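Quick notes on the structure that follows.
Values below: every heavy atom of this structure, side chains too, minus hydrogens, waters and symmetry copies. Whatever order the structure lists them in is the order used to number ligands and atoms, beginning at 1. Everything quoted here is computed from the prediction, not taken from an experiment.
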Amino acid sequence: MSWERNIRKTVPYTAGEQPGKAGIIKLNTNECPYPPAPGVEKLAGQIDWNALRLYPDPNTEILVRALAEYYRVSPGKIFVGVGSDDVLAMAFMTCFNSGSPILFPDVTYSFYDVWAELYGIPYKTCPLDEEWHICPEDYAQPNGGIIFPNPNAPTGLTESPETVEKIIRANRDVVVIVDEAYVDFGGESALPLIDKYDNLLVVQTFSKSRAMAGMRIGFCIGSERLIGYLNDVKFSFNSYTMSLPAQLLGAEAVKDDAYFKGVTGKIVATRERVKGELKELGFSFPDSRANFIFASHETIPAGKIFQALREADIYVRHWDKPRIGNYLRITVGRDEEMDRLLSFLKDYVGRCSQDGEDRDEGRGSLFWYEDSSGID
Ligand code: PMP
């Protein structure tokens with residue numbers, strides 16, 4: 001047993017389920033329901049497999065150049081990694097070493113506290129307001145760095161460029177990371193602020209809007225000095241993080257902007273339609289600008305709906321956590337998938353209301369569900 005005393009013990013991040021079952025409707029991990037750009041498939045068939053004998057380019061030049069061209073920044077301002085989780089993990093390790101607590105929202109991407117614990121970084125969470133928005137004043141207290149997603153997850157809400165800049169302006173002596181995993185579905189990027197603030201890091205991913213979650217590509221953009229520090233840490237950790245296919249196929253995906261805009265446009269249109277229909281069924285939700293909707297039903301507890309959906313092979317996400325326990329995070333899929341979800345919900349909500357009325361007889365208006373989320 002003695003060797004176990006020296007083991008680093010962590011409580012890992014709980015990733016969304018990836019059920020191998022065929023025929024399910026998978027709306028639980030915010031993947032893109034459409035395939036990657038057609039050029040990606042074409043190029044995948046042309047990769048020289050003999051080249052896989054060799055290590056890939058540790059500087060990932062092909063991918064960095066493609067991104068530099070697309071975002072009109074110099075290649076020295078870009079760092080890439082194996083999904084944005086890898087980029088964020090590197091950024092935590094590189095940037096948050098002051099000993100003062102880093103700050104992030106209380107309701108947010110649940111990997112942040114896991115990395116903080118892993119690296120022994122103290123942290124403090126700042127409560128979102130009643131409407132699920134960040135209170136910029138909370139980020140004016142002394143801290144060792146700041147991270148928040150914009151749009152936030154799992155709420156889907158965006159903060160205005162003014163709010164984002166206000167937070168950065170008040171924190172010039174620490175690194176501020178804006179996690180823009182979902183920005184392509186209607187958010188406003190902080191990228192225009194990169195040249196103004198050399199302590200800003202904007203992180204994005206190919207997993208959502210570029211339909212390549214399985215290829216694991218993420219990147220961040222920041223000042224050359226900041227990116228230089230990130231590269232130093234990466235090269236002290238694992239030089240060859242990105243496979244050759246990921247580098248080549250990622251660069252190819254960036255070239256097809258028309259496809260990218262088409263896919264994100266379709267997802268946004270589906271999201272807006274589904275919002276209307278969910279509302280009719282008694283759901284309410286923050287006004288998401290991401291590829292998911294964070295919805296709560298007026299009478300039926302989220303946990304029950306989650307289970308019922310699961311039994312019908314429709315997978316969404318539910319966290320049994322303070323503030324968000326009565327919400328479901330529903331990824332926006334294809335129209336036909338969302339139609340199946342909606343028709344199930346319509347039937348289910350109808351059945352539950354009927355049950356509720358039956359049970360209510362002689363018991364006043366008490367429905368069988370009592371809200372314990374403490375939100376609204
Ligand atoms: N940031 C946020 C806010 C996310 O929701 C996710 C997806 N789980 C990520 C980062 C990481 O995505 P990936 O590693 O696939 O790029």
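Considering only non-hydrogen protein atoms, atom 11 (C) of ligand 1 sits nearest to D85 OD1, 3.1 Å. Looking only at heavy atoms of the protein, atom 14 (O) of ligand 1 is closest to R216 NH2, 2.8 Å. Residue, atom and distance of the protein heavy atom nearest to atom 8 (N) of ligand 1 are Y109 OH, 3.2 Å. Closest to atom 4 (C) of ligand 1 among all protein heavy atoms lies Y182 OH, 3.6 Å.
In this structure, R210 does not pair ionically with D184, as no charged nitrogen and carboxylate oxygen lie closer than 4.0 Å. In this structure, E277 pairs ionically with R273, as a charged nitrogen and a carboxylate oxygen lie closer than 4.0 Å.
The cluster map of Ile, Leu, Val, Met, Phe, Trp and Tyr, joined by side-chain heavy atoms under 4.5 Å apart, puts V202 and V183 in different clusters.
Polar contact check, Y112 against ligand 1: no nitrogen or oxygen pair lies under 3.5 Å apart. Looking at ligand 1, you won't find any N or O of Y13 less than 3.5 Å from one of its N or O atoms.
Within the structure, ligand 1 lacks F111 among the residues with a heavy atom less than 4.0 angstrom away.
Near S207, meaning under 4.0 Å from any of its heavy atoms, are these atoms of ligand 1: 13 (P), 15 (O), 16 (O). Close contacts of ligand 1 with K208, meaning ligand atoms under 4.0 Å from a residue heavy atom, involve 7 (C), 8 (N). Close contacts of ligand 1 with G83, meaning ligand atoms under 4.0 Å from a residue heavy atom, involve 14 (O), 16 (O).
Counting all heavy atoms, side chain and backbone alike, R329 lies closest to P154 at CD-CB, 3.9 Å.
Of the heavy atoms in D179, only side-chain atoms (C-beta onward) come closer than 4.0 Å to ligand 1. Heavy atoms of S84 found under 4.0 angstrom from ligand 1 belong to the backbone as well as the side chain.
Side-chain N or O atoms of D106 include one that pairs as donor or acceptor with a backbone N or O of L128 at under 3.5 Å.
With I167 as the fixed residue, the side-chain contact (heavy atoms from CB on, under 4.5 Å) test singles out one of L103, I146, D138: I146.
For K208 and F185, the positive end is not near the middle of the six-membered ring at less than 6.0 Å and at most 45° from its axis.
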Practice problem: Tell me, with the steps shown, if Y109 and Y182 meet ring-ring contact (aromatic ring centres under 6.0 Å, His included). | Solution: CA-CA 12 Å; Y109 186 30; Y182 301 102; 8.3 Å; no
